[in-house]
Amino acid sequence: MSDPVLDAYVAGLDAEFAPAATALDAAVMQAWPELVKKISYGMLMYALSGDFRHWVCAIDAHKKPFRLRFLYGTLLEDPARRLRSGTSHLSNLDFPSLEDIDVMLVASYVREAASRHDEFKAQLGEA
């Protein structure tokens, strides 16, 4: 089944980065199928109920390392100790290559980010 948003995102990437974007998208959508996606700020962003002001995560696969960004990443548990701080709230999961993308790891972070999203927004006074 075709995914026009993913197809448009991949079309804007160098061909060598397309498989990583596709793999990350599959992992995100498998973990939380209710997420809605769109391209914004050059990233493939995912939100609950179309609330892209408070997005859950985003793929940035324009260069290596490939990144899965979490808006409220600093509030995630991070049991694998893989998150790298990006800003005061944002954190990233970095993958140096396609082979390094750990689908199970991605799924666990996406599930926590999506399931606790309202809690995170409230904690930061953004609800």
Side-chain angles (χ1 to χ4, degrees):
M1 181 160 77
S2 179
D3 180 336
V5 179
L6 176 62
D7 294 345
Y9 180 73
V10 168
L13 299 175
D14 288 341
E16 68 179 300
F17 302 139
T22 302
L24 284 169
D25 175 73
V28 168
M29 293 308 297
Q30 183 176 6
W32 206 271
E34 296 81 17
L35 290 169
V36 178
K37 57 184 129 174
K38 81 171 188 175
I39 301 167
S40 188
Y41 301 104
M43 297 184 294
L44 185 56
M45 301 182 92
Y46 301 83
L48 294 166
S49 303
D51 179 8
F52 286 97
R53 183 170 182 267
H54 302 103
W55 49 278
V56 174
C57 61
I59 294 170
D60 184 359
H62 286 91
K63 61 183 179 178
K64 291 182 181 179
F66 309 116
R67 291 186 174 101
L68 184 60
R69 299 175 182 262
F70 293 92
L71 179 59
Y72 301 123
T74 58
L75 300 176
L76 291 171
E77 294 293 325
D78 196 19
R81 302 186 58 83
R82 291 281 309 271
L83 290 173
R84 180 181 54 78
S85 292
T87 65
S88 60
H89 302 303
L90 182 117
S91 290
N92 303 301
L93 275 177
D94 295 334
F95 301 99
S97 70
L98 176 63
E99 295 75 27
D100 292 312
I101 295 173
D102 182 337
V103 174
M104 297 302 286
L105 180 75
V106 169
S108 69
Y109 283 89
V110 169
R111 284 186 194 112
E112 182 187 0
S115 67
R116 297 182 64 201
H117 194 256
D118 288 339
E119 172 191 339
F120 293 160
K121 282 180 12 182
Q123 188 172 342
L124 296 173
E126 298 180 4

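- Hydrophobic clustering places V10 together with V5 (ILVMFWY residues linked when any side-chain heavy atoms are closer than 4.5 Å, directly or through intermediates).
- Here CZ of R82 is found 11.5 Å from CG of N92. Values are rounded to the nearest 0.5 Å.
- Residues satisfying the salt bridge (Lys or Arg N to Asp or Glu O under 4.0 Å) test with D94, not counting sequence neighbours, are R67, R84.
- Smallest separation of non-hydrogen atoms from V110 and C57: CG2-SG, 4.3 Å.
- Here the CZ-CG distance, from R111 to L76, works out to 14.0 Å after rounding to the nearest 0.5 Å.
- Annotation: the span from F120 atom CZ to L71 atom CG amounts to 10.5 Å, rounded to 0.5 Å.
- With a 4.5 Å cut-off on side-chain heavy atoms, L48 and L35 count as touching.
- For the pair Y9 (side chain) and I59 (backbone), a donor-acceptor distance under 3.5 Å is present.
- Ionic pairing of D100 and K64 is not present here: no N-O contact between side-chain nitrogen and carboxylate oxygen is shorter than 4.0 angstrom.
- Under a 3.5 Å cut-off, the side chain of E126 and the backbone N or O of H54 do not form any donor-acceptor pair.
- Smallest separation of non-hydrogen atoms from S40 and M45: CB-SD, 3.2 Å.
- The distance from the CG atom of L93 to the CG atom of L24 is 9.0 Å, given to the nearest 0.5 Å.
- H62 places a side-chain N or O within donor-acceptor distance of the main-chain N or O of G42, the cut-off being under 3.5 Å.
- No side-chain donor-acceptor contact under 3.5 Å links D118 to the backbone of A122.
- Crowding of Q30 atom CD: a count of heavy atoms from other residues, nucleotides or ligands under 6.0 Å not exceeding 12.
- Between A113 and F70, the shortest heavy-atom distance links the atoms CB-CD2, 3.7 Å.
- For the atom pair OG1 of T22 and CG of L6, the computed distance is 5.0 Å after rounding to the nearest 0.5 Å.
- Note on D3 versus K37: salt bridge recorded, some NZ/NE/NH1/NH2 to OD/OE distance being below 4.0 Å.
- Closest non-hydrogen pair, A61 versus A21, comes out as CB-CB, 4.0 Å.
- Residues G73 and L83 share a closest heavy-atom pair of O-CD1, 3.6 Å.
- If you take CE on M43 and NZ on K38, they are separated by 11.0 Å, rounding to the nearest 0.5 Å.
- Taking the side chain to side chain contact (heavy atoms under 4.5 Å, CB included) definition, one finds that D14 meets it with E16, F17, sequence neighbours left out.
- Between the side chains of Y72 and Q123, no donor-acceptor pair of N or O atoms lies under 3.5 Å.
- When all heavy atoms of A27 and V103 are compared, the pair lying nearest together is CB-CG1, 4.0 Å.
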